[in-house]
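Comments concern the structure below.
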2 protein chains.
Amino acid sequence: MSNNDNSVNMTAPSRGYHHGDLRAALLDAGLDLLKSGSAETLSLREVARRVGVSPTAVYRHFPDKAALLKELCIRGALELAQAQAQAMRAAGGGRKGFAATGGAYIRYALANPVLFRIMMANMPPGGFFSSDFSDDQVGIKMLRDNIKSLIPDKAGEEGVLFGMLMSWAQVHGLSMLMLDGHIPVSEDTIKAFESSRLEFRFVPDQPSE
Amino acid sequence: MSNNDNSVNMTAPSRGYHHGDLRAALLDAGLDLLKSGSAETLSLREVARRVGVSPTAVYRHFPDKAALLKELCIRGALELAQAQAQAMRAAGGGRKGFAATGGAYIRYALANPVLFRIMMANMPPGGFFSSDFSDDQVGIKMLRDNIKSLIPDKAGEEGVLFGMLMSWAQVHGLSMLMLDGHIPVSEDTIKAFESSRLEFRFVPDQPSE
DNA sequence: CGCATTATGTTTACAGTGATAACATGTCGA
DNA sequence: TCGACATGTTATCACTGTAAACATAATGCG
């Protein structure tokens, strides 16, 4: 949505200034480039070029490249979270639903390799916990709720946190290793993962073997 | 292991035009830069500068930047594998030893953030399985042997592979999420991970709950 | 030994990048 | 109306990777 609207489409909507809504256009173009995956790295100038504006126009709307990237990160993260939420609904919730969110995570990464990579590397610290994701069925909160409902109560808050870490790390690791070409990219593997059951159990640290 | 012998010493063997062993010096300098973690991205020119040579001299020894990076990847991977092997020995092998290799993986990533990242992103496809790591106690082979000895025989070859994927993804995910600042970097978490017991169980895909 | 061939390093140059400063232009409020 | 302000442009800088032409050292062959 909203990618072909270079200059012709967007002229009218609000009384506009120069170029319609350049800020939004830049974000759209940026997301578009990242999703097309053509370039391994996003160039500020390329974004400007795409929108048909001079390179430095970008700086009227973003202090620097990192700021643009940051916003694109958030867009990507929202999209990812939505994909996960939808997968969860489609799977009917519960343990299967949770597994489906994991599968959706990996599939999103594979479908948007450049975006995903940049998103993860440039998301501001704690970005995934930001209030942008306060929506009930989105992101970290979804993960937390799932873990909470799927592990024994006695695990406690610490157990919930540990479960979150481990689950997230699991799908994130699979995603990254696949993206980087270190393990085969295979829908079968993803399916196997989805229908496997992970357990993380604390083992008291004993000196004896 | 060979970075002290080149950094500043180039005075003795390198009077003048020809630098003793430029190729090695470039690799050492590159590794040094990546390990210092100062720059988020390695610059070819910076490496050359470091060695005291003109920027384009690099091209006499490497076709392009990617080639240099590739070799640095391999160095890093070897070092990582050695760290894992050592951790395994220190832990006395067995299940604890295996857990220790995971901890070593994460700690190596945290100790060498730039190197680790670049290494993972630039390692050629299948690089971790390359013959450079044919040493008995190194890398993927170590992982495979560990998994094989720690899961039930009935799991079969497919089970071994799945276990390898899942274990690797687990530690890799934790490493990346910590590096990217998405989960807290904490030795406690690493320790908790090491003393937890992971189980991956295939669950037959049943329509019922 | 002498000299050509080859390996290695340098200079110069080019296209591309993110970024700053100075300038231009359109928009809107008093 | 008109000037302040927001927005976009041009010029420029420092940096990057890389190619081409050039310079020098090492090597080997007569």
Side-chain angles (χ1 to χ4, degrees), chain A residues 5-30 32-34 36 38-73 114 117-118 121-122 124, chain B residues 6-7 9-30 33-34 36 38-73 114 117-118 121-122:
Chain A
D5 48 19
N6 288 356
S7 48
V8 190
N9 264 350
M10 284 296 270
T11 42
S14 51
R15 78 261 1 242
Y17 359 93
H18 252 148
H19 204 288
D21 190 352
L22 182 54
R23 184 188 166 86
L26 290 171
L27 286 173
D28 284 343
D32 224 52
L33 282 171
L34 289 184
S36 82
S38 57
E40 193 57 37
T41 177
L42 183 68
S43 147
L44 219 52
R45 295 172 108 102
E46 170 88 21
V47 175
R49 219 173 288 136
R50 189 91 152 203
V51 174
V53 90
S54 85
T56 53
V58 181
Y59 290 89
R60 293 295 152 186
H61 299 272
F62 303 93
D64 56 6
K65 185 183 182 180
L68 208 207
L69 247 17
K70 203 180 84 176
E71 302 234 10
L72 293 178
C73 287
V114 181
R117 219 194 271 285
I118 292 197
N122 292 78
Chain B
N6 74 51
S7 45
N9 62 0
M10 285 311 97
T11 44
S14 86
R15 66 190 64 59
Y17 217 83
H18 276 55
H19 180 293
D21 188 356
L22 182 52
R23 183 187 167 87
L26 290 171
L27 286 174
D28 285 342
L33 281 172
L34 289 183
S36 84
S38 58
E40 193 57 38
T41 176
L42 183 69
S43 147
L44 219 54
R45 294 172 108 103
E46 170 87 22
V47 175
R49 220 173 287 136
R50 190 91 151 202
V51 175
V53 89
S54 85
T56 53
V58 181
Y59 289 88
R60 292 296 152 187
H61 299 273
F62 303 93
D64 57 5
K65 184 182 182 180
L68 208 207
L69 247 16
K70 204 179 85 178
E71 303 232 12
L72 292 178
C73 288
V114 181
R117 229 198 206 75
I118 291 197
N122 291 78

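Values below: every heavy atom of this structure, side chains too, minus hydrogens, waters and symmetry copies. Just so it is clear, the structure is predicted and the values come from calculations on it, not from any experiment.
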Just the atom pairs and distances: protein N or O near nucleotides 16-20 of chain C's N or O, under 3.5 Å.
residue	atom	partner	partner atom	Å
C/dT17	OP1	A/Ser43	OG	3.1
C/dT17	OP2	A/Arg49	NH2	2.7
C/dG18	OP1	A/Leu44	N	2.6
C/dG18	OP1	A/Lys65	NZ	3.2
C/dG18	OP2	A/Leu44	N	3.1
C/dG18	OP2	A/Arg45	N	3.1
C/dG18	N7	A/Arg45	NH1	2.4
C/dG18	O6	A/Arg45	NH1	3.2
C/dA19	OP2	A/Tyr59	OH	3.0
C/dA19	OP2	A/Lys65	N	2.9
C/dA19	O5'	A/Tyr59	OH	3.3

Expressed as a whole number of angstroms, how long is the span from A/Arg60:CZ to C/dT25:P?
15 Å

Residues in side chain to side chain donor-acceptor pair (under 3.5 Å) with B/Arg60, at least two apart?
none

So, using side chain to side chain donor-acceptor pair (under 3.5 Å) as the criterion, who are the partners of B/Ser36 when residues are at least two apart?
B/Ser38

Got a sec, which residues hit side chain to side chain donor-acceptor pair (under 3.5 Å) with A/Arg49, two or more places apart in sequence or on another chain?
A/Glu46

Test side chain to side chain contact (heavy atoms under 4.5 Å, CB included) applied to B/Ala67 - qualifying residues, sequence neighbours left out:
B/Phe62, B/Pro63, B/Asp64

So, is B/His61 close to the C/dG9 phosphate, meaning a side-chain N or O under 4.0 Å from OP1 or OP2?
yes

Looking at residues at least two apart in the chain, or sitting in another chain, which of them share a side chain to side chain donor-acceptor pair (under 3.5 Å) with B/Arg45?
none

To the nearest Å, how far apart are B/Leu22 CG and C/dG9 P?
4 Å

